[in-house]
Amino acid sequence: MKLGLPPGRYDARHEQDRNRQLEMADRKNHKRGQDIDLGSARLVLTSPDGARWSVTVDNLGVLSAVAI
C-alpha cells in the first residue's frame, strides 16, 4: 500500500480517509490465531529447489499438488 503525502496542516477529512484506507487494507491481511479461508484462490507452495506447487483438496479431503 502506498499512502499519499499528508497535507501541510491537519485536516480531519484527510485523516478520516487515511484511516479508512488503512482499515480496508488491514481487513485483507491474515491474522494470527484465525483460520485462513482462501475461497477460490489457490494455495501455492514453493519447494526447496524453487519449484512451485498448487495444492488442492477433493470432496473426500484428499490433498494433491500440481506443479505450476
Side-chain angles (χ1 to χ4, degrees):
M1 172 190 344
K2 181 144 176 104
L3 296 172
L5 295 174
R9 293 186 175 177
Y10 176 79
D11 179 349
R13 287 186 189 198
H14 180 270
E15 193 71 13
Q16 289 173 342
D17 185 52
R18 184 186 62 86
N19 290 346
R20 183 184 55 76
Q21 289 179 48
L22 289 169
E23 290 170 1
M24 287 174 51
D26 183 58
R27 284 187 206 109
K28 296 178 182 179
N29 295 329
H30 297 295
K31 307 293 188 229
R32 285 186 179 186
Q34 292 183 3
D35 291 346
I36 298 173
D37 186 345
L38 298 177
S40 61
R42 296 185 304 175
L43 174 60
V44 177
L45 302 175
T46 303
S47 62
D49 68 357
R52 297 181 66 217
W53 300 86
S54 175
V55 180
T56 59
V57 61
D58 68 15
N59 290 334
L60 297 175
V62 177
L63 296 174
S64 60
V66 177
I68 55 173

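Position 1 is the first residue of the sequence; numbering continues from there. Since this is a predicted model, take the numbers as computed values, not measurements.
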Next on the checklist: How long is the straight-line distance from CD of Q21 back to CD of Q16, given to the nearest 0.5 Å?
Outcome noted: 12.5 Å
Checklist entry - Around N29, counting heavy atoms of other residues, nucleotides and ligands shown, do more than 12 lie under 6.0 Å from its CG? => result yes
Item to check | Distance, nearest 0.5 Å, that separates CD1 of I36 from CD of Q34 | outcome: 9.0 Å
Next on the checklist: Quick check for you: to the nearest 0.5 Å, what is the distance between D26 atom CG and K31 atom NZ?
Outcome noted: 3.0 Å
Item to check | Residues that D58 engages under side chain to side chain contact (heavy atoms under 4.5 Å, CB included), provided they are two or more places apart | outcome: L60, V62
Checklist entry - Roughly how far, to the nearest 0.5 Å, is the CZ atom of R27 from the CG atom of L22? => result 11.0 Å
Next on the checklist: Within a 6.0 Å radius of atom CG on N59, are there more than 12 heavy atoms belonging to other residues, nucleotides or ligands?
Outcome noted: no
Item to check | Taking every non-hydrogen atom, the tightest pair across W53 and A67 | outcome: CE3-N, 3.3 Å
Checklist entry - Can you check whether R20 reaches D17 side chain to side chain, under 4.5 Å on heavy atoms? => result yes
Next on the checklist: Measuring only between side-chain heavy atoms, which start at C-beta, is L45 closer than 4.5 Å to V55?
Outcome noted: yes
Item to check | For L5 against H14, the heavy-atom pair lying closest together | outcome: O-NE2, 3.9 Å
Item to check | Heavy atoms from other residues, nucleotides or ligands near CZ of R42 exceed 12 (cutoff 6.0 Å) | outcome: no
